[in-house]
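Lettering follows sequence order; numbering is per chain, from 1.
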There are 2 protein chains.
Amino acid sequence: MSNPAAALYLENQLCFPLYAASRMTTKIYAPLLKALGLTYPQYLVMLVLWQHGEQTVNAIGSRLYLESNTLTPLLKRLEQKGLISRRRSSKDERSVLVQLTETGAQLKAKAQEIPKTILASFNDSRLTEPEVLQFQKTLFKLVEILGERAERDKE
Amino acid sequence: MSNPAAALYLENQLCFPLYAASRMTTKIYAPLLKALGLTYPQYLVMLVLWQHGEQTVNAIGSRLYLESNTLTPLLKRLEQKGLISRRRSSKDERSVLVQLTETGAQLKAKAQEIPKTILASFNDSRLTEPEVLQFQKTLFKLVEILGERAERDKE
DNA sequence: TATATTTACATCGCACGCGATTTAATCTTA
DNA sequence: TAAGATTAAATCGCGTGCGATGTAAATATA
């Protein structure tokens, strides 16, 4: 790089565009999720429960890379909306099991349309399908690497 | 896809890994930025000011895809730390001009090490350099497309 | 088995993000 | 030029994220 300060430029960074893209995609979900009465992080929790069923706060957290300081208040809001129920595990009283209510399970049907709408909104001539697939592949690899890193850093 | 609900699965989504990767990279910055007394969004504002100098809240916002509801409180915090100053533009009394203080300008020297450290921490055998470059390219394209989309949606 | 350590979740405080609204200045246009 | 529309910040309220700490249950270890 000719300019010694160039490394400090936004354009040369990976993290800023990740940050920007994440916020912008979340914004695309907002109006669709509002119809279901969900925020984006709440939707992610519902996805986990729709896919994997009852599980502990910890298990949800490992899938979403979130901890109880974020999840506990969020889960309480989902509980207040009547979408989930929470109970202490009898096998291990430290754990809290999160389960879908009937209402929460039924919401899945309404959510089916969301991925289609989102995919359509990403449709743009500047992005070819193989490019997006390759992008997704690298993105998953990145999350995996960063996830491992976070695990290491805990110790 | 064989399973009709597969579209709802986390793994098939683009937005979740963006969300996860963004949060995880921000976490990597945290300890480095703590030494400068900055949060990641505050660091982004400082980057903009280091690179482009005095400008309005609006101008900072268009570079970072943020608006005054987020920036005003953040800028007040930077002002309290003595890193920036804010004043109404005399040309247009609606605008607020944000400028680095001497202290704020000097902080740039300390920040020079950060990109190097971050780049080193992304160093992993699973990610080749051309793969990362391609990834970055698509990511920028994505931000551009989403940015245009956000502009359109405002109207 | 008594004690120390670890684990799971909850709580607290602070800094975002952002939709919605307000206020003041500037621009448009009839 | 007066009235309405637009624009730039600021303000408000709510829901995250997350570091730090607390509490209780389970596990490890002496």
**Prompt:** With A/K81, which residues qualify under salt bridge (Lys or Arg N to Asp or Glu O under 4.0 Å), at least two apart?
**Reply:** none
**Request:** Please name all residues satisfying side-chain hydrogen bond (donor to acceptor under 3.5 Å, both in side chains) with A/E113, sequence neighbours left out, ordered by chain then number.
**Result:** A/K116
**Request:** Taking side-chain hydrogen bond (donor to acceptor under 3.5 Å, both in side chains) as the test, write out the residues that go with B/T39, two or more places apart.
**Result:** none
**Asked** Do we see a donor-acceptor contact under 3.5 Å between the side chains of B/R63 and B/Q51?
**Response** no
**Message:** Less than 4.0 angstrom between a side-chain N/O of B/T56 and OP1 or OP2 of D/dA9, yes or no?
**Reply:** yes
**Message:** A/E93: which residues meet the salt bridge (Lys or Arg N to Asp or Glu O under 4.0 Å) condition with it, sequence neighbours left out?
**Reply:** none
**Request:** Just report the end-to-end axis angle for the helix from C/dT1-D/dA30 to C/dA30-D/dT1, five pairs per end, to 10 degrees.
**Result:** 20°
**Request:** Summarise how protein sits on nucleotides 18-28 of chain D as a single string, 5' to 3': B when a protein heavy atom is under 4.0 Å from the base, S for sugar-phosphate-only contact, - for no contact.
**Result:** BBB----BS--
**Message:** A/F135: which residues meet the ring pair (Phe, Tyr, Trp, His ring centres under 6.0 Å) condition with it, sequence neighbours left out?
**Reply:** B/F135
**Asked** From the 5' end of DNA chain C to its 3' end, which nucleotides mark the outer limits of contact with chain B, defined by a 4.0 Å heavy-atom distance cut-off (strictly under)?
**Response** C/dA15 to C/dT26
**Message:** Which residues pass the salt bridge (Lys or Arg N to Asp or Glu O under 4.0 Å) test with B/R88, not counting sequence neighbours?
**Reply:** none
**Request:** Identify whether any heavy atom of A/R77 sits under 4.0 Å from a base atom; if not, whether one sits that close to sugar-phosphate; answer base, sugar-phosphate or nothing.
**Result:** base
**Message:** Using a distance-only criterion (donor-acceptor N/O pair, under 3.5 Å, no hydrogens), is the base of D/dA8 paired with the side chain of B/S68?
**Reply:** no
**Request:** Evaluate the ring planes of A/Y40 and B/Y19, with Trp represented by its six-membered ring, and classify them as parallel (under 30°), tilted (30 to 60°) or perpendicular (over 60°).
**Result:** perpendicular
**Request:** Answer yes or no: does a side-chain N or O of A/Q42 lie under 4.0 Å from OP1 or OP2 of D/dT16?
**Result:** yes
**Item:** Pairs meeting criterion salt bridge (charged side-chain N to carboxylate O under 4.0 Å, His left out) with involvement of residues 36-57 of chain B, two or more places apart
**Value:** B/E54-B/R87
**Asked** For A/E148, which residues count as a salt bridge (Lys or Arg N to Asp or Glu O under 4.0 Å) partner, sequence neighbours excluded?
**Response** B/R126
**Message:** Pick the closest DNA chain C nucleotide for A/Y19 and for A/N58 by heavy atoms, then say which residue is nearer the 5' end.
**Reply:** A/N58
Going by atom type alone, with no hydrogens or angles, which donor-acceptor pairs under 3.5 Å involve a side-chain atom of residues 73-80 of chain B and a protein atom two or more places apart or on another chain?
{"unit_1": "B/E79", "atom_1": "OE1", "unit_2": "B/R86", "atom_2": "NE", "d": "3.1"}

